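All remarks here apply to the structure that follows.
Please read these numbers as outputs of a predicted model, since none were measured by experiment.
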Amino acid sequence: EATHGFVRETLEALRRETEGVCTLLGFVGAPWTLAAYAVEGGGSRDASSIKRWMYQRPDVLEEFLRRLSVSIAQYAIFQASSGAQCIQLFESWAHHLTPEQWREFCAP
């Protein structure tokens, strides 16, 4: 709460102002996307660093994704309890994966 108080205050204020007018959206990044940004250190053309983890240390990547998933879920719940009526989950790095890799590392 101490590090996210401004988010709660903002969502509560927006909810009051938009009640009955529109739906207030919260948003979170999906685990694969957040992991890719963290491992790559920013944008990347080919996601080579996180793919290296995927091939060489899938156990490490799976644990990292699991931990991110827990944190993301907690943050989404926090946003909902602060006034967000719907949560958008964005997955902007899945295009780097084959369908099989997506099923293994991204699918809910």
Exercise. State whether R66 and E62 are salt-bridged, where the test is any N-O pair (Lys NZ or Arg NE/NH1/NH2 against Asp/Glu carboxylate O) under 4.0 Å.
Key: no

Self-check item: Check: E91 side chain, G29 main-chain N or O, donor-acceptor pair, under 3.5 Å
Solution: no

Quiz item: Any donor and acceptor pair, going by atom type alone, linking the side chain of Q101 with main-chain N or O of T98 inside 3.5 Å?
Solution: yes

Exercise. Could you tell me the separation between the CG atom of D46 and the NZ atom of K51, rounded to the nearest 0.5 Å?
Key: 6.5 Å

Practice problem: Look only at the side chain of S81 and the backbone of F78, and say whether a donor-acceptor pair between them is shorter than 3.5 Å. | Solution: yes

Self-check item: L14 with I77, same ILVMFWY side-chain cluster at under 4.5 Å
Solution: no

Quiz item: From I87 CD1 over to Y75 OH, what is the distance, rounded to the nearest 0.5 angstrom?
Solution: 9.0 Å

Practice problem: Mind checking side chain to side chain donor-acceptor pair (under 3.5 Å) for E40 and listing every partner two or more places apart, or none if nothing turns up? | Solution: S44

Quiz item: I72, L25: one ILVMFWY side-chain cluster at the under-4.5 Å cut-off?
Solution: no

Exercise. Please report the shortest heavy-atom distance between A35 and L65, naming the atom on each side.
Key: CB-CD2, 3.8 Å

Practice problem: Determine, using the 4.5 Å side-chain heavy-atom cutoff (strictly less than), whether I50 and V60 are members of one ILVMFWY cluster. | Solution: yes

Quiz item: What do you reckon, is CZ of R15 surrounded by more than 12 foreign heavy atoms closer than 6.0 Å?
Solution: yes

Exercise. Might you point out which heavy atoms bring W32 and A94 nearest each other, and give the distance in Å?
Key: CD1-N, 4.0 Å

Practice problem: On the 0 to 90° scale, with breaks at 30° and 60°, tag the H96-W93 ring pair as parallel, tilted or perpendicular. | Solution: tilted

Exercise. Would you sort out whether F27 and L89 count as a side chain to side chain contact (heavy atoms under 4.5 Å, CB included), showing the intermediate values?
Key: CA-CA 6 Å; F27 69 94; L89 178 71; over 6 Å; no

Self-check item: Distance-minimising heavy-atom pair for M54 and F105
Solution: CG-CE1, 3.2 Å

Exercise. Return the set of residues passing salt bridge (charged side-chain N to carboxylate O under 4.0 Å, His left out) with R45 (not counting sequence neighbours), or none when no residue passes.
Key: none

Quiz item: Looking only at heavy atoms, which two atoms of L68 and P31 are closest? And how far apart?
Solution: CD1-O, 3.6 Å

Self-check item: Contact summary for R8 and S82, nearest pair of heavy atoms
Solution: NH1-OG, 3.0 Å

Practice problem: Determine whether V28 and V70 fall in the same hydrophobic cluster, where Ile, Leu, Val, Met, Phe, Trp and Tyr are linked whenever their side-chain heavy atoms lie under 4.5 Å apart. | Solution: no

Quiz item: What are the two closest non-hydrogen atoms of C86 and T23, and how far apart are they?
Solution: CB-CG2, 4.2 Å

Exercise. Check whether more than 12 heavy atoms from other residues, nucleotides or ligands sit under 6.0 Å from atom CZ of F90, and answer yes or no.
Key: yes

Quiz item: Would you say the side-chain atoms of T18 pair up with the backbone N or O of L24, donor to acceptor, closer than 3.5 Å?
Solution: no

